[in-house]
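Data block below; observations after.
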Amino acid sequence: MKRFRILAAALLALCALGAAQARSLDTVRKDGRIVVATEGQFAPFNYFKGSTLTGFEVELAELVTQRMGLKTDWKTVGFDALLTGLQQDRWDLVIASHGVTPERAKAVTFTAPHYCSGGIVVSLDPAIRSAKDLAGKVVAVQTGTSYLESVQKIPGIQQMKNFPTDVDARSALLSHRVDAWVTDRFVAKEMIAKAPNAGMKLGDMVFVERIAAAVAKGNQALADAWSKALAQTMADGSYTALSQKYFGEDVRCH
Ligand code: ARG
């Protein structure tokens with residue numbers, strides 16, 4: 001009986017391991033398809049135009065996976081679920097503007113970065129521009145982001161309000177429920193250009209970060225294949241053309 005119990009426990013442990021086993025590069029290659037997850041609520045990087053998923057990261061991923069000789073199956077889920085889904089082997093790769101942080105690197109394996117950016121202050125009040133100006137203020141950020149992490153460290157913040165999407169955080173600013181919104185510099189630029197009469201003012205950058213795709217922890221061969229194909233798009237002009245189309249500049253890390 002005891003032996004049976006030990007055996008059952010061992011089997012269960014094996015199953016749990018098996019379930020968390022990420023698909024290797026070989027398996028993905030044999031399948032010919034890679035499952036890529038993103039959020040779809042972070043224009044101009046990943047968003048829905050009507051019912052079509054698009055954006056700089058979506059188009060870039062299509063270029064990169066094509067170079068890898070793969071077809072892409074897209075999944076869109078809440079930002080919070082993206083990295084944990086890698087650990088549960090629900091998809092092969094995540095591309096959703098994740099900054100490479102030591103904390104995240106404990107849980108996932110990052111590829112080479114596909115752009116460099118940072119968090120920026122957006123406010124309706126021109127007097128709120130810098131990190132210092134945020135003292136005593138209420139600041140909106142998206143849950144689970146590096147913005148939250150960095151704003152938390154700014155001394156004297158009155159309150160940080162978390163929102164499930166960055167779009168919700170922006171709405172909170174526009175409806176005067178918060179004093180400032182901290183988001184990606186390119187997201188902010190695009191929003192201000194799209195709604196020039198909304199009164200949003202671009203403040204200073206509060207930190208910089210390298211943005212990369214991620215795979216399950218230790219799935220190094222898949223990460224390397226992605227990084228290699230990404231480097232090819234950066235060398236053959238296709239990355240630059242795409243970046244120009246979205247941002248009017250080349251957003252790669254230097
Ligand atoms: N760059 C920030 C981070 O690393 C925000 C990413 C938000 N991405 C998104 N798809 N909403 O956390």
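One-based numbering, in listed order, for ligands and for the atoms of each. Just so it is clear, the structure is predicted and the values come from calculations on it, not from any experiment. Below, each value reflects all heavy atoms present in this structure, side chains not excepted, and no hydrogens, waters or symmetry copies.
For the 3.5 Å distance criterion, the side chains of Q232 and D236 fail to qualify, holding no donor opposite an acceptor.
Aromatic rings from F42 and Y47 are positioned such that their centres are separated by 6.0 Å or more.
Remark: distances from the non-hydrogen atoms of D166 to ligand 1 are all 4.0 Å or more. Ligand 1 lies within reach of I211, whose nearest heavy atom is under 4.0 Å from it. Using a 4.0 Å heavy-atom cutoff, R104 is listed among the residues neighbouring ligand 1. Using a non-hydrogen distance threshold of 4.0 Å, Q142 registers as a contact of ligand 1.
Salt bridge status for D184 with K189: absent, with no side-chain N to carboxylate O gap under 4.0 Å. A salt bridge does not link E149 with R104: every distance from a Lys NZ or Arg NE/NH1/NH2 to an Asp or Glu carboxylate oxygen is 4.0 Å or more. Between D250 and R252, at least one side-chain nitrogen of the basic residue sits less than 4.0 Å from a carboxylate oxygen of the acidic one, meeting the salt-bridge criterion.
Taking atom 9 (C) of ligand 1 as the reference point, the nearest protein heavy-atom neighbour is E39 OE1, 3.1 Å. Given atom 4 (O) of ligand 1, the protein heavy atom at minimum distance is G99 N, 2.7 Å. Scanning the protein heavy atoms around atom 6 (C) of ligand 1, the nearest turns out to be S97 O, 3.2 Å. Annotation: atom 3 (C) of ligand 1 to nearest protein heavy atom, S146 OG, 3.0 Å.
On a distance-only criterion, Y147 and ligand 1 share at least one N/O pair closer than 3.5 Å. For a threshold of 3.5 Å applied to N or O pairs, the pair formed by F79 and ligand 1 contains no separation below that value. The shortest N/O to N/O separation between A96 and ligand 1 falls below 3.5 Å.
Heavy atoms of T38 found under 4.0 angstrom from ligand 1: none, in either backbone or side chain.
More than 12 heavy atoms of other residues, nucleotides or ligands lie within 6.0 Å of CD in E249, so this atom counts as buried by the packing criterion. Within a 6.0 Å sphere centred on CZ of R210, heavy atoms belonging to other residues, nucleotides or ligands number 12 at most.
Using a 4.5 Å cut-off on side-chain heavy atoms (C-beta onward), R23 and D89 make contact.
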